[in-house]
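To start, the structure under review is shown below, and the notes come after it.
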Amino acid sequence: LDFKQWMFKACCMRKVCNGCILASQRRGMRDCPFCRTATPKTHNQLLSMIRKRADAGDPVAIWHLGAKYNSGDHGLEKDTTRA
């Protein structure tokens, strides 16, 4: 899929196609269509989801957390050594 055709979901560390997201919203679901977890509302909730997955050893989550530290996203202090 082209990068404009999917959305990354931090709850399950999956790429979900926009068509699946739209179909689930039309059925009244506002959660992740893949794992049914509620969508994070704040940066802290998003980081918490990523950290939880990283602590469980998920390599995709570890990479995303490192990228957030490297760029200083979501309120994290930029820290290239930790990234």
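Side chains are part of it too, since the values below use all heavy atoms of this structure and drop only hydrogens, waters and symmetry mates.
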Worksheet item: Same hydrophobic cluster for Phe8 and Leu65, using side-chain heavy-atom links shorter than 4.5 Å among ILVMFWY?
Response: yes
Exercise answer: donor-acceptor pairs, residues 42-50 side-chain atoms, under 3.5 Å, sequence neighbours excluded:
{"residue": "Thr42", "atom": "OG1", "partner": "Gln45", "partner atom": "N", "Å": "3.1"}
{"residue": "His43", "atom": "ND1", "partner": "His74", "partner atom": "ND1", "Å": "2.5"}
{"residue": "Gln45", "atom": "OE1", "partner": "Lys41", "partner atom": "N", "Å": "2.5"}
{"residue": "Gln45", "atom": "OE1", "partner": "Thr42", "partner atom": "N", "Å": "3.3"}

Item to complete: Give, for atom SG of Cys32 and atom CE of Met7, the distance between the pair rounded to the nearest 0.5 Å.
Response: 10.0 Å
Worksheet item: Quick one: side chain to side chain donor-acceptor pair (under 3.5 Å) pairs with a partner in residues 2-31, sequence neighbours left out?
Response: none
Worksheet item: Would Phe3 and Met13 show up in the same hydrophobic cluster when neighbours are defined by side-chain heavy atoms closer than 4.5 Å?
Response: yes
Practice prompt. Enumerate the residue pairs fulfilling salt bridge (Lys or Arg N to Asp or Glu O under 4.0 Å) with a member in residues 54-69, sequence neighbours excluded, ordered by first and then second residue.
Written response: Arg53-Asp58
Practice prompt. Give the minimum heavy-atom separation between Ala61 and Ala54, together with the two atoms involved.
Written response: CB-N, 3.5 Å
